[in-house]
Every structure is written in C-alpha cells, then in structure tokens.
Trainee: 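Below: one structure in structure tokens.
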Amino acid sequence: MDDNLIRNIGIMAHIDAGKTTTTERILYYTGENHRIGEVDNGEATMDWMQQEQDRGITITSAATTCIWKGHQINIIDTPGHVDFTAEVERCLRVLDGAVAVFCAVGGVEPQTETVWRQADTYSVPRIAFVNKMDRLGADFYSVLEQMEKKLDAKPCPLFIPVGSEASFSGVIDLIRMKYLTFDGENGENIEEADIPESERQKADQWREKLIDSVSSFSDEIMELYFAGEEIPRDMIISTLRKCTLERQLLPVFVGSSLRNIGVQTLLDGIVSLLPAPCDIPSIEAINAKNGKSVEVKHSRSANLEALIFKIQVDPQAGPLCFVRVYSGILKKGVSVYNITKNKKERINRLLRMHSDRSEELSELAAGDIGVIVGFKIAQTGDTIGVESSPYLLEKMVFPSPVISIAIEPKTTEDQGKLRKALEMLAMEDPTFSYKDDNETGQLVISGMGELHLDVLVTRITKEMKIDARVGNPQVTYRESISSTAETTENFSKVLAGKENSARLSVRVSPLEAGSGNRFKISANVRDIPEEITEAIKMGIEGSFSSGIKFGYECTDIEADVTDIGYDELTGTPFAFTSCAALAFDKACQSADPVLMQPIMKVQVTSPSEYIGDVMGSITQRGGIVESMESRTSGDVISAEVPLEKMFGYTTVLRSSTQGRGTFSMEFSHYAEKI
C-alpha cells in the first residue's frame, strides 16, 4: 500500500475514559468487525486476554488493522492504568500519531497527564476525542479549559456537542457548519441538517475561534477571512494537518462511543489530520561500529531498519515479536541481523495482527507494523537490520519496579514450571523482574504496583495452571549516602602463583534526588591501559547494584576515582575490579548511608462531603497534600505518600466515602526513610 495511505496510531487515555469502547466502534464502522463488542459484557475484541474481560480494563496493548476510505489504519489500544505505563511507553515509541480520549466528566485525569508527557517525549502528533458526552456531569467546555491549563495544549474544536447528558443528540461540524446526527441500529447512518436556531449563535462563535486559530498559521486564510470571502474546506484541513504534525494545535472531536455518536467523524480526522509514515522526520540511530550518530530516512529501497517494541509469548508459536519497520523491507523466510545482540535470526512467518487473530503476510515494508514469528533471542527494544550497516535505534527506557512479593510453588514438580513462566513474563514485560533472595532463599517477583503483580500472579495460577503460594507485598527500597567521603584502598592477592595488586582512591558524593548513579575518573589515566579503567568501571558499577548496608540497589551517588596506583608487573583487571568494589563500599560506609523509600504521587477523587476524612487518611499515612481542586466529578486531592503506607488503601477509601471515592498513584521519587 502507498505510504501516504498508512496511519500508525495509538489510542491513549486515563483508565475508564472509553478507549477500548471507541476502538470497538472504529472496528465496526470500518467493517473489520461485523458486530460491536462491549467492554462491560467482556466481549471487546481488543480486550482479548481473559483477565481483561474479567476486570473490564485493558492490561496489554493490542494491535489491529482496519481500512477507512482507502487508508490502512494500524491501531494500538493502550492500557489506561498507571501500573501498565510501560505498555503505553513502548507503543508511543513506534507510533506516528495518537488519539487522546478524554472523559467529558473526569476531564484531564492523572494518567492522561502521564501519557501526555510520554507522547511529548517522542514528539507524537495528537488529536483529541472528548467522549462520554451522554454521562451525568458531562462538560465539553470545561475539558477544553483543562487541556489548556494542565497539558499546556492549544485545543481547537472542529466539532461542538448539541446538548449534554441525556439530551446529547449530535454534533455540529464547524468546518462545514452542519448539524450531524447518527441514526440506524448502531449509528451507521449520518444525517446532515441545518444547525438548529437555538445553537446558531454558539456555532458561529466557535467557528470564528476555529478560523482565528488556523489563520495564525496561514496567510491565505487570513487574507480570505479579512476580505469576507468563503474559505475552502480543503484549505482549512491542510492547515490543520500541518499544525497537528508540528504539534502547534490540538484538533478536538466530540461524541459518545457507547451511544455511537461521533466516531465516524473521528475516523475522518485520523485519516485527514494524523501523519503518514512518510510525514515523520528522519529518526536518529547510532552506528554500532564507531558510535557516530546517523539519520535513518523513511524509504522502502534503503537498508532494513526495524525496532522490536513488544514481545508476546504464544504457547504454540513461541515469542511473537511486534515490530515497526522504519526503512527497507522485511521478508518471510529470510535471515536478518539483530544488531543489538550481534546475532542472525530467521523469520519463519510474518503476521498482521487483528487483536488475538492474525493474517499471514509475505513482507512488511517501511512504515508498517506487524509481527515476526521465529526469533529465539530477541528482546523488547532490539534493532533489526543488516550486518553491513549496523545502525542501532534509540533504546527504550523503562521505570524500575517498586513493589515486590515472594512466590513459591506448592509442589516440587511445579518449581521448573514456575521459573519458565517467570522467564516468559519477564520477556513480555520489561517492568517485571524476578530474583532469588540470598538471605531468605525465596523467589521474589517485582512490579509497578499491587494491580500489576495481582494480574501477573493470576496469569501464573489461572492461565498457566501453576499452584503457587504468594506472600504479602514488600516495598523495594534503595540505598544512598548523605555526605561526601573519600578513601584509599590497597588490594593484593596471590592467585596461581602470580601476584595481583591494585591501589585506588575513590570519592563518593550524594546527588540530587532522581539523578541516578554517576561514575567518573578524574585521576590521570594517560599511562593506564584501557582494560584497567574498564575493570575499575565494572567494579564500581557492580557495587551500585549490590548496596551498602542492607543489600538494596544504590541510587543518587556519584563515584569519582581520584587516584590510580598501577604497577605494570602486578596490576591486573581482576585486582582493579576487586579494589574498586572494596573502595566504593568503604567510602560509602563513611558517607552516612541512608535507606531510601519510594514516594508515590497519589490523586484521590471523592465527593466533597467526605473530603475531610480523605485528607485525614492521607496525612495519617505520612502523606503531604500538595493541592486540592473541585470538579464536577468531585473534589480532587493531589498528594505525595510513602508507598509502604498505601497497601490496602483501596478498602480504607471505600469505607470512608461509602464506596464513591477512587484513587490512582504512580511512582514519583525516592526519599530518605525516617
């Protein structure tokens, strides 16, 4: 298919804004599905996992393809819950555009802000869809204000609603100045009519605002506007498209997916406003041989360059590697080069996914998204290309797990099965990890939150049918230092009759919260072999992960090697690695080590009559309330609270608000545990 006719888009939003319901309508109207699946009855096409159907939420991003007005739209429906934020991150990395879905009642919610920041990081052009206009408390104009204030966006409505809540009946197209209603059993028939007299003044006002917004970016429109002449529809749309691609304006659509209102107009917007793969600027890559930066241009005739952005393990077929092709062509049955792993792998099959169904392909060309079957060693973030031009695409960075639980099989025969299952889950999910605790002998699994781990444990016990016992959640702490210290360490050991010696001076200093660890050598290294400096680096970076007093990973520490005593007869890499580790440990012990705990950003929504109790429960948990605002959905409190105090908070909140309060939390930073 012609590049101009492809759209790679994601549907992103806060939990419960209606992403999956919107996607189901898109699949129905494009003819991909012959009936509409609903989230509430567990029949949504995109929520194909058993747990997604049981819980009524999206857990894993699902990919599908559909055709609208001759355009191929590759859609990824991403999760809205903050525990699955990595799923959103890796999808935004490979998408060309996104549809941000907002709830007309909730407006801009915490996870919306998180995914918005992620989309900003990857410079993803967006359009917005204000959904749920039929819900009690729906306020389209309040959502526009919140977009401006909280997301620093420039919303530009192309449609405005007629009525709201139970009286919501259709939308006004501000470009063509027509009133649209959606009739038929599932809203298939779009009826056009003149704008009702009662809505005429409001429509004229918003049409004026639309023309004012686009005329700022087009001299032609401005001239026609001042001359009082008719502005051609195509001119408005081409200017809007340019502004959307450059992220100068945010086109806003409105409707109610559940009531089948406004989805076809959103589809038109995806096709006419969001970018095709050829509209995206060249992406940066690193030459694996010399470390130099190179540009990868979108071209089918260039060398192959593709990124694996997600892995899903199928019990029969093995790992399914979701891949975005940036240049060149992937062909079935050929061997390609995994640049990240320095290994060749064979493509057995190529698939185009339709949620959990698939369609066989013979090739995937630049700009397309599909699935490779047959890779053995590939991981999320690997670059696929050719050996002669090994260009590495930017790796994806995922947050570290903040919560852990112990898990053990009930029978010995399940031991091997459990490890295999954990290996598979870790391959699929970069924010999940597992390790053996040397002190307790237990197997410990770690994730992004209680729900994240609950979902993974349910998959192990129900889906994979492994009997396992699970402990209570434990917080994953970090260690740091609160002052600067310097030490000199001498190392000498005779191994196999040969002396190994090293001398190092290391200074450790605390860094600002959230900086991570930093290693540097300020000593003179002119006469020191490179293998020795590499050995020092290995010793200190290895010590970052092994802790100071309690064995937790270190964070926010700078280790500076200020002096190196090297003897060319006895100085060996082994000696310097060991000496560096000992010097780092000794220096940290003298630098007032502290235990750091994860602090979470918590947002609680509650009816105003219970807000006093809610604030009390936050402060009792050692939380600091940062702000409070009133919305139509209730009062919203933003606070920072230690994670260890938030276990079981769901029950406390429900009982103090008669089941009407909700909260969401995401990792903020590590702070000293007092």
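Because only heavy atoms are used, hydrogens play no part in the values below, and waters and symmetry mates are left out as well, while side chains stay in. Everything numeric here is computed off the predicted structure, so don't read it as measured data.
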Trainee: Checking side chain to side chain contact (heavy atoms under 4.5 Å, CB included) between E165 and each of D139, V105, L136, which is the one that passes?
Mentor: L136
Trainee: Applying the side chain to side chain contact (heavy atoms under 4.5 Å, CB included) criterion to Q248, which one of P125, C156, S213, C243 satisfies it?
Mentor: C243
Trainee: Please say whether the positively charged group of R324, taken as NZ for Lys or CZ for Arg, lies over the ring of F322, i.e. under 6.0 angstrom from the six-membered ring centre and within 45 degrees of the axis.
Mentor: no
Trainee: Hey, could you give me the CG/CG distance between D368 and L330, rounded to the nearest 0.5 Å?
Mentor: 10.0 Å
Trainee: Between the side chains of E629 and K150, is the shortest nitrogen-to-carboxylate-oxygen separation below 4.0 Å, so that they form an ion pair?
Mentor: yes
Trainee: Assess whether side chain to side chain contact (heavy atoms under 4.5 Å, CB included) is satisfied between I236 and I211, documenting all intermediate values.
Mentor: CA-CA 8 Å; I236 296 174; I211 299 301; 3.7 Å; yes
Trainee: Would you compute the distance between atom CD of E360 and atom NZ of K332 and round it to the nearest 0.5 angstrom?
Mentor: 5.0 Å
Trainee: Flag the pair N260 / R25 as yes when at least one side-chain heavy-atom distance between them is below 4.5 Å, and no otherwise.
Mentor: yes
Trainee: I need the L351 CG to L320 CG distance, nearest 0.5 Å.
Mentor: 7.0 Å
Trainee: Say you draw a straight line from CD1 of I175 to CD1 of I237; how long is it, rounded to the nearest 0.5 Å?
Mentor: 4.5 Å
Trainee: Do the side-chain N and O atoms of N74 and Q72 include a donor-acceptor pair separated by under 3.5 angstrom?
Mentor: yes
Trainee: Is any side-chain heavy atom of V371 closer than 4.5 Å to a side-chain heavy atom of R349?
Mentor: no
Trainee: Rounded to the nearest 0.5 Å, how far apart are CG of L174 and CD1 of I195?
Mentor: 7.5 Å
Trainee: Looking at K242 and E246, does any basic side-chain N land under 4.0 Å from a carboxylate oxygen?
Mentor: yes
Trainee: Please set out all donor-acceptor pairs under 3.5 angstrom arising from side-chain atoms of residues 219-232, sequence neighbours excluded.
Mentor:
residue	atom	partner	partner atom	Å
Y225	OH	E208	OE2	2.5

Trainee: As a quick check of understanding, evaluate side chain to side chain contact (heavy atoms under 4.5 Å, CB included) for V614 and L653, giving each step before the final call.
Mentor: CA-CA 7 Å; V614 171; L653 182 64; 3.9 Å; yes
Trainee: Please test R135 against C103 for side chain to side chain contact (heavy atoms under 4.5 Å, CB included), starting from the C-alpha separation and ending with a verdict.
Mentor: CA-CA 9 Å; R135 282 259 315 268; C103 171; 4.3 Å; yes
Trainee: If you apply the rule side chain to side chain contact (heavy atoms under 4.5 Å, CB included), what do you find for I283 with Y326, and how did you get there?
Mentor: CA-CA 9 Å; I283 60 163; Y326 286 97; 3.5 Å; yes
Trainee: Please list all pairs meeting ring-ring contact (aromatic ring centres under 6.0 Å, His included) that have one or both residues in residues 154-203, counting only residues at least two apart or in different chains.
Mentor: F159-F253
Trainee: Walk me through whether R200 and D194 qualify under salt bridge (charged side-chain N to carboxylate O under 4.0 Å, His left out).
Mentor: CA-CA 9 Å; R200 171 57 69 176; D194 290 333; over 6 Å; no
Trainee: Taking C-beta and beyond as the side chain, do F309 and I369 meet within less than 4.5 Å on heavy atoms?
Mentor: yes
Trainee: Got a sec, which residues hit side-chain hydrogen bond (donor to acceptor under 3.5 Å, both in side chains) with R241, two or more places apart in sequence or on another chain?
Mentor: D279
Trainee: Return yes if a side-chain donor-acceptor contact under 3.5 Å exists between D635 and S606, otherwise no.
Mentor: no
